[in-house]
Amino acid sequence: RAPESTPWLVSTRAHAVPEEDILQRFGVDTRYVYAYPLAEWNPEASRTSYVDEWGVRWARPESSFYFDIVSHPLRDATLRDLESYHFPMRDDVPWDPALEERARRLYENTEYAVVSNALDVGLFERAWFLRGFEQFMVDLALDEDFASALLDRVLESKLDCLEYYLDKVGKYVHVIMLGDDLAMQDGPLFSLDSYRRLIKPRQKEINDFVRSRTNARIFFHCCGSAYPFVEDLLDIGVDILNPIQVTASNMDTVKLKREFGDCLVFWGGGCDTQSVLQFGSPADVDQEVNRRIHDLAPGGGFVFNQVHCIQPDVPPKNICAMYAAVNKYGTYPIR
């Protein structure tokens, strides 16, 4: 567990880390290498607020399992302010001291796919975390000089940390998880033109940097209606798309498999988490899993996962039904 002085980086999203016997019970064939020590997290704990190493303050409302941003340190910043602001570099990050050894052990002594669950959030997300969502959207539209300068400083920080991380684990991991939430439920968050001019080139720089230091496949996380970005993501070297948010616009699993199944791995989309897994019956879950496997699995290139994180109020019987359905329908050949 992390010492008290360690920022609660993992706790921002309060992701559960399942015990090994649970992973084996459900036949999970990935194991994660976390960049940071796992923090002790308890929804009843008195600690409800912290400032991360970027200077962003997070707070957890009493009614929530999650931390939300409550202040943005660069909301009123100018270009000159960016020059003096401290952007965290590798020495500011609370790395897990056992990082390299844990990755090596998994790689050499198990048959699991070793996956890096590492390095914070994407360029766009980190920029708006610092600036505020509304203000950074205004920057993208009306102040490209500032937006570009901020993105460059974030990029510099990320590349420095990636160099340290990949020096430690690059030869031991099979999948490197990167990403940026660029879309909402019904389409992109901003124009594709803005994305291609301001964000895509910097994402490509990150991907090229990763490619130069590891043979791992590049996994890219983008919630929502990611379809408009798929060609661009392929262009910058993405191998794996996650999630496949099946209830979002233009995320039909048959269409995605038909158009991109020969050049892109789909990781997720195996069970809708907005309605079916949480509110459906076990029979509904079984039917949903069957449908998505038959849409996405033929010919390979599909890693089963529910669309997004399993929320705390999902009935355990539905989780069991989901994995039972994977075992029932997920054996090749898929017919």
Side-chain angles (χ1 to χ4, degrees), residues 28-30 32 113-119 121-125 173-189 192 195-196 199-274 288-309 326 329-330 332-334:
V28 177
D29 31 38
T30 58
Y32 287 84
V114 184
V115 181
S116 82
N117 190 17
L119 297 196
V121 296
L123 288 170
F124 167 70
E125 290 175 287
V173 295
H174 301 102
V175 177
I176 296 287
M177 299 177 74
L178 302 172
D180 237 339
D181 280 338
L182 307 171
M184 49 191 168
Q185 189 77 10
D186 58 357
L189 281 165
L192 290 178
Y195 169 72
R196 288 166 182 159
I199 298 171
K200 178 181 175 180
R202 294 172 173 87
Q203 288 177 337
K204 184 178 188 302
E205 189 169 343
I206 290 176
N207 290 357
D208 289 347
F209 187 88
V210 169
R211 290 269 186 230
S212 71
R213 285 162 173 77
T214 178
N215 292 321
R217 300 295 185 178
I218 293 178
F219 167 118
F220 192 91
H221 170 91
C222 179
C223 291
S225 180
Y227 178 83
F229 297 100
V230 173
E231 293 282 3
D232 294 286
L233 297 179
L234 289 169
D235 188 45
I236 62 174
V238 169
D239 301 301
I240 302 164
L241 178 65
N242 164 270
I244 312 305
Q245 192 166 321
V246 298
T247 56
S249 298
N250 291 316
M251 295 299 285
D252 176 74
T253 44
V254 173
K255 176 182 178 181
L256 287 167
K257 185 69 173 183
R258 182 178 65 247
E259 294 187 16
F260 303 111
D262 62 342
C263 54
L264 188 65
V265 170
F266 301 109
W267 186 311
C271 185
D272 167 32
T273 48
Q274 287 180 291
E288 167 78 356
V289 171
N290 186 15
R291 172 189 175 186
R292 303 305 177 183
I293 286 176
H294 280 259
D295 286 354
L296 293 167
F302 176 52
V303 179
F304 181 88
N305 196 190
Q306 72 282 345
V307 169
H308 217 299
C309 298
V326 176
Y329 304 118
Y332 282 97
I334 304 295

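This chain uses plain numbering: 1 for the first residue, then up along the sequence. These values consider heavy atoms only, across backbone and side chains, with no hydrogens, waters or symmetry-generated copies.
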Item to check | Atom pair CD1 (I199) and CG (L182), whose distance is rounded to the nearest 0.5 Å | outcome: 6.5 Å
Checklist entry - What heavy-atom pair brings F304 and F302 nearest, and what distance separates the two atoms? => result CA-CZ, 3.8 Å
Item to check | Carboxylate-amine/guanidinium contact R291 D272, below 4.0 Å | outcome: no
Item to check | Side chain proximity check, D235 to K200, heavy atoms < 4.5 angstrom | outcome: yes
Checklist entry - Between atom CZ of F220 and atom CG of L264, what is the distance when rounded to the nearest 0.5 Å? => result 11.5 Å
Checklist outcome for this item: Sorted by chain and number, sequence neighbours left out, salt bridge (Lys or Arg N to Asp or Glu O under 4.0 Å) with K255 holds for none
Item to check | Results of side chain to side chain contact (heavy atoms under 4.5 Å, CB included) for N207 - residues two or more places apart only | outcome: L178, I218, I236, V238
Next on the checklist: I want to check something: taking the side chain as every heavy atom from C-beta on, are Q203 and L123 in contact at a cut-off of under 4.5 Å?
Outcome noted: yes
Checklist outcome for this item: Taking every heavy atom of I244 against every heavy atom of M251, the minimum-distance pair comes out as CA-CE, 4.1 Å
Checklist entry - Can you tell me how far the OH atom of Y195 sits from the CG atom of D180, to the nearest 0.5 Å? => result 8.0 Å
Only pairs under 3.5 Å count here: list side-chain donor-acceptor contacts from residues 221-230, not counting sequence neighbours, and write none if there are none.
from	atom 1	to	atom 2	distance (Å)
H221	ND1	N242	OD1	2.9
H221	NE2	D181	OD1	3.2
S225	OG	S249	O	2.6
Y227	OH	E259	OE1	2.7
Y227	OH	E259	OE2	3.4

Next on the checklist: When you compare the side chain of I240 with that of V303, does any pair of heavy atoms fall below 4.5 Å?
Outcome noted: no
Checklist entry - Hey, does the side chain of R211 reach the backbone of G237 with a donor-acceptor pair shorter than 3.5 angstrom? => result yes
Checklist entry - Are the side chain of K257 and the backbone of L296 linked by a donor-acceptor contact shorter than 3.5 Å? => result yes
Checklist entry - So, do F260 and L233 sit near enough that their side-chain heavy atoms are less than 4.5 Å apart? => result no
